[in-house]
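Everything numeric in this text was worked out from a predicted model, so none of it was measured.
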Amino acid sequence: MTQGSGWDGILEPGETILWQGQPQPGIIWRDALSPLGLFGVVFTGFSLFWITAAASMLAEGPGFPFTLFPLFGMPFLLVGLFMMGGHVVLDAYVRATTWYTLTDRTAYVARAILGKRTLESYPIAAMDRLELIDGMPGDVIFGVARQAHPERVTRQGRARNKLVTGTVTQTGFRKITEARKVWRMIRDRQAAMERLERDETP
């Protein structure tokens, strides 16, 4: 959401931009050193062992179509490679197509992935949390997105669908070099809005 990027006309009349930026570019390999990455190493190793063992057992055995049997391990190998390091490559691509904008009223997260543009807005007055994850780069977290999924439950012999909260995702400006500055801007705006609300209360 930058000037001339096709997001013109999004802001409300009188809304002022305080800060704009993008996440730090490039692949951050240290993010692969996580439980997901370590599990990916084990998963990839097991997949390679399974494919190699299956291929060696069938090398002199029955012919086609049994020679295709080792290929059934390829999907597991690809999943393992994604967990081991592919997810950090995907994250780098998503960050390269992400733009952040902070105004005196709202935080915006704009993305343009594979030609599909999305814009998320988070009003400062409605932010129920504000967290600074300090670092270089750092994160400014101002919301939590909870994804619900239907689940079949049975009570007293009656079955019905119930929405159950599943994945919890933190929302905010991720991997930015000015995390402290942006966090302070949001804090100042929240304080100003609270003072204005108190002054207007009879």
Legend entry - Members besides L78 in its Ile/Leu/Val/Met/Phe/Trp/Tyr cluster (side-chain heavy atoms under 4.5 Å):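 Taking Ile, Leu, Val, Met, Phe, Trp and Tyr as members, L78 stands alone, with no cluster partners.
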
Legend entry - Transitive ILVMFWY cluster of I141, excluding itself - 4.5 Å side-chain cut-off: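 Reading the cluster by chain and number, I141 sits alongside I133.
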
Output the distance between atom [atom1] ([X]) and atom [atom2] ([Y]), rounded to the nearest 0.5 Å.
X    : Y    : atom1 : atom2 : result
M127 : I124 : CE    : CD1   : 5.5 Å
D91  : R174 : CG    : CZ    : 9.0 Å
L11  : T101 : CG    : OG1   : 7.5 Å
S121 : E12  : OG    : CD    : 9.5 Å

Is there a side-chain contact between [X] and [Y], using heavy atoms and a 4.5 Å cut-off?
X    : Y    : result
L77  : L48  : yes
D139 : W183 : no
Q22  : T98  : no
L18  : T103 : no
Y100 : V109 : yes
I17  : L102 : no
E131 : V140 : no

Legend entry - Candidate pair E120 and R111, rule side-chain contact (heavy atoms from CB on, under 4.5 Å), full reasoning: CA-CA 9 Å; E120 302 170 0; R111 294 186 177 93; 3.6 Å; yes

Heavy-atom pair with the smallest gap, counting every atom of [X] and [Y]:
X    : Y    : result
M193 : D104 : CE-O, 3.3 Å
A112 : R117 : CB-CG, 4.0 Å
G80  : T44  : C-OG1, 2.9 Å
Q24  : P137 : OE1-CD, 2.9 Å
G26  : R95  : O-NH2, 2.7 Å

Legend entry - OH/Y122: more than 12 non-hydrogen atoms of other groups inside 6.0 Å: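 Counting other residues, nucleotides and ligands, OH of Y122 exceeds 12 neighbours.
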
Legend entry - Crowding at CZ, F46 (>12 non-hydrogen neighbours, <6.0 Å):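 No, the 6.0 Å shell around CZ holds no more than 12 heavy atoms from other groups.
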
Inset, instruction - May I ask you to check whether W19 and F173 place their ring centers less than 6.0 Å from one another? - result: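 Yes - the distance between ring centres of W19 and F173 falls below the 6.0 Å cut-off.
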
Legend entry - Ion pair E178/R180, N-O distance below 4.0 Å: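 Between R180 and E178 there is no salt bridge, as every charged N stays at least 4.0 Å from the carboxylate O atoms.
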
Legend entry - Short side-chain to backbone donor-acceptor contact, E197 and E194, under 3.5 Å: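 A pair under 3.5 Å: no.
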
Inset, instruction - Find out if a path of hydrophobic residues (ILVMFWY) with successive side-chain heavy-atom gaps under 4.5 Å connects L38 to F76. - result: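 Each belongs to a different hydrophobic cluster.
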
